[in-house]
Amino acid sequence: MLGGRRVKKGSSLGNEKRSERLLGYALVAPALLLILAVAIWPVIQSFYYSLFDYRLNNPAKSSVHLNYSLDLEGYLQNYPFLSSALKQEIATANEDTKEALANVQKQLQSMDEEIRSDKEVERRYEQVDETLNNFESPSDEIKMVEIDQEVAQKLNETIDNAAKTLDEMKEAGELKQADKVTGLAKGLKGTIIEPNFIGLKHYKDNFADERLWKALWNTTVFTVISVAVELVLGLAIAILINKAFFGRGLVRATILIPWAIPTAVSALMWKFLYDGQNGIVAKYFADIGLVDKMGDLLTTEGGAMFAVIFADVWKTTPYMALLLLAGLQTIPSSLYEAASIDGATKWQQFMKITLPLLKSSILVALLFRTLDAFRVFDLIFVLTGGGPANSTETISILAYKVMFSQTNFGEGSALAVIVFICVAIISTIYIKILGADLLSDSAKK
């Protein structure tokens with residue numbers, strides 16, 4: 001009986017632990033779903049697009065294609081008119097030319113019959129034809145129809161042979177509507193859509209491109225210098241405003257003003273201040289010898305990098321100070337009083353009390369600022385646009401230019417994934433350092 005009671009008690013404890021575990025998962029599930037929808041899913045989608053040669057400026061690659069497809073809209077806008085033009089050419093051509101044109105026409109008709117031999121393709125064919133006759137544009141779901149690879153290759157071969165023959169006849173002067181006929185043949189060739197899956201080619205090409213490495217170098221230089229300066233200045237400001245003095249609340253509010261200004265607005269403001277003709281900051285820097293002349297700030301590589309770092313430090317130092325101030329306020333004042341009684345100087349108190357107890361707060365502040373600085377886009381985009389000569393072009397700006405300016409979504413998605421990988425590496429390093437620090441602190445306690 002006692003043994004049975006023990007078993008029953010152990011099983012009930014196991015059920016309670018299992019229930020607590022399930023409850024914990026249920027409480028965390030909404031946050032995990034939100035993270036998946038907001039953060040993880042876009043990265044997965046970007047990685048998927050990066051595996052394709054996906055370009056909006058190329059009709060044949062303006063969407064993802066895993067299989068061969070036929071653009072029925074383009075086909076019906078070229079084939080019927082080409083067939084009609086060939087009939088007109090045959091009616092007025094000599095015997096030799098007539099035979100060659102008839103052979104081309106026969107090949108194209110055989111191709112058309114093979115395309116329409118599939119019932120689904122025939123149904124779409126008639127539907128698109130009716131839509132075009134009504135002067136309407138068919139949807140992508142209707143006009144794009146998948147075809148077998150063997151059929152697609154045969155169609156390409158037929159169209160290539162026809163286009164080559166017509167080009168030769170054009171050069172020989174045997175066609176009366178040469179430009180029209182050859183143009184329609186070339187247009188027909190573009191209706192066969194090939195798969196644009198290229199695997200990891202974008203990553204291979206990017207890592208072999210000097211522009212990517214220069215963008216990564218620019219990003220690293222900007223991140224390291226700006227975050228280091230912001231840490232020193234932010235810590236100094238945090239220690240200052242942590243002291244009790246008259247008007248401390250007003251000073252704290254005033255210090256936060258640069259951080260509260262939208263980044264695009266502050267970047268545009270600094271662009272006027274750095275102006276080579278009327279910029280007051282550019283004039284002061286030239287007067288004190290930081291630059292040779294006013295125009296150097298935004299027109300030289302070194303001046304432009306200094307300009308964006310200076311503007312970022314001005315804007316983001318208050319944020320760093322705010323994070324460190326929160327850490328300073330957790331340090332008991334009794335520690336400083338005891339150290340003062342023992343004869344410790346202010347510098348000794350800072351080194352022995354403030355820095356050790358502020359280590360976790362510093363690591364958290366550095367994590368946030370490093371990630372934010374590494375992903376910088378709006379400040380540099382508005383201030384310099386990545387110039388001059390790509391000297392301030394960061395990895396985020398490069399990804400934007402490739403994706404939106406060049407409308408190359410495949411390569412742009414690959415660059416976005418590279419940014420994510422870099423950010424993940426930085427986060428992992430900081431979290432490991434921060435986790436080790438927290439574990440060591442708990443062990444000491």
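Here, residue 1 is the first one in the sequence, and each next residue gets the next number.
- Listed by chain and residue number, D372 satisfy the salt bridge (charged side-chain N to carboxylate O under 4.0 Å, His left out) test with R375 (two or more places apart in sequence, or in another chain).
- Heavy-atom neighbours of Y203 OH from other residues, nucleotides or ligands within 6.0 Å: above the threshold of 12.
- The shortest distance between side-chain heavy atoms of L82 and L188 falls below 4.5 Å.
- When atom types are taken as modelled, the side chain of W314 and the backbone of P258 share no donor-acceptor pair closer than 3.5 angstrom.
- F285 has its ring centre less than 6.0 Å from the ring centre of F306.
- Ion pair E114/K154 flagged as a salt bridge, since at least one NZ, NE, NH1 or NH2 atom sits closer than 4.0 Å to an Asp/Glu carboxylate oxygen.
- S427 contributes a side-chain N or O that, together with a main-chain N or O of V423, makes up a donor-acceptor pair within less than 3.5 Å.
- We find that R369 and E230 are joined by a salt bridge, their nearest charged nitrogen and carboxylate oxygen being less than 4.0 Å apart.
- In this structure, E393 CD and L398 CG are separated by 4.5 Å, a value rounded to the nearest 0.5 Å.
- Interatomic distance, CG of L325 versus CD1 of I255, reported as 9.0 Å (0.5 Å rounding).
- Taking a 6.0 Å sphere around CZ of F368, one finds it holds 12 or fewer heavy atoms contributed by other residues, nucleotides or ligands.
- Atom CD1 of I395 sits about 10.0 Å away from atom CG of N218, to the nearest 0.5 Å.
- Relative ring orientation between F404 and F409 is described as perpendicular, the plane-to-plane angle rising above 60° on a 0-90° scale split at 30° and 60°.
- D167 has no carboxylate O lying under 4.0 Å from a charged side-chain N of K170, or vice versa, which leaves the two without a salt bridge.
- We find that D205 and K201 are joined by a salt bridge, their nearest charged nitrogen and carboxylate oxygen being less than 4.0 Å apart.
- More than 12 non-hydrogen atoms from other residues, nucleotides or ligands lie less than 6.0 angstrom from NZ of K98.
- With values rounded to the nearest 0.5 angstrom, M305 atom CE is found 6.0 Å from T392 atom OG1.
- Other residues, nucleotides and ligands place more than 12 heavy atoms under 6.0 Å from the CD atom of Q329.
- Y75 is linked by a ring-ring contact (aromatic ring centres under 6.0 Å, His included) to Y79, counting only residues two or more places apart in sequence or in another chain.
- Below 30°, between 30° and 60°, or above 60°: for Y54 and Y49 the angle between ring planes is between 30° and 60°, a tilted geometry.
- Of the residues listed (T158, N161, T165), the one engaging V104 in a side-chain contact (heavy atoms from CB on, under 4.5 Å) is T165, and it is the only one.
- In this structure, the side chain of N134 does not engage the main chain of E136 through any donor-acceptor pair within 3.5 Å.
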Stepwise salt bridge (charged side-chain N to carboxylate O under 4.0 Å, His left out) check, D287 with K283: CA-CA 6 Å; D287 289 343; K283 182 180 184 307; 3.0 Å; yes
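- For F81, the CZ atom sits in a loose shell: 12 or fewer heavy atoms of surrounding residues, nucleotides or ligands are nearer than 6.0 Å.
- Using a cut-off of 4.0 Å between Lys/Arg side-chain N and Asp/Glu carboxylate O, D160 and K164 are scored as not salt-bridged.
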Check against side-chain hydrogen bond (donor to acceptor under 3.5 Å, both in side chains), Q153 and N156: CA-CA 5 Å; Q153 291 175 348; N156 270 329; over 6 Å; no
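- V145 has its side chain out of reach of Y125: every pair of non-hydrogen atoms, C-beta onward, lies at least 4.5 Å apart.
- The local environment of CH2 in W259 is sparse, with at most 12 non-hydrogen atoms from other residues, nucleotides or ligands closer than 6.0 Å.
- The number of heavy-atom neighbours closer than 6.0 Å to CD of E120, taken from other residues, nucleotides and ligands shown, is above 12.
- With sequence neighbours excluded, the residues satisfying salt bridge (charged side-chain N to carboxylate O under 4.0 Å, His left out) with D53 are R55, K61.
- The CG atom of L328 lies 11.5 Å from the CG atom of L323; values are rounded to the nearest 0.5 Å.
- Distance check, rounded to the nearest 0.5 Å: CD1 of I362 to CG of L358 gives 4.5 Å.
- Within a 6.0 Å sphere centred on CD of E99, other residues, nucleotides and ligands contribute 12 heavy atoms or fewer.
- In this structure, a donor-acceptor pair under 3.5 Å is absent between the side chains of D112 and Q109.
- F350 is listed as a side-chain neighbour of I239, based on a closest heavy-atom distance under 4.5 Å.
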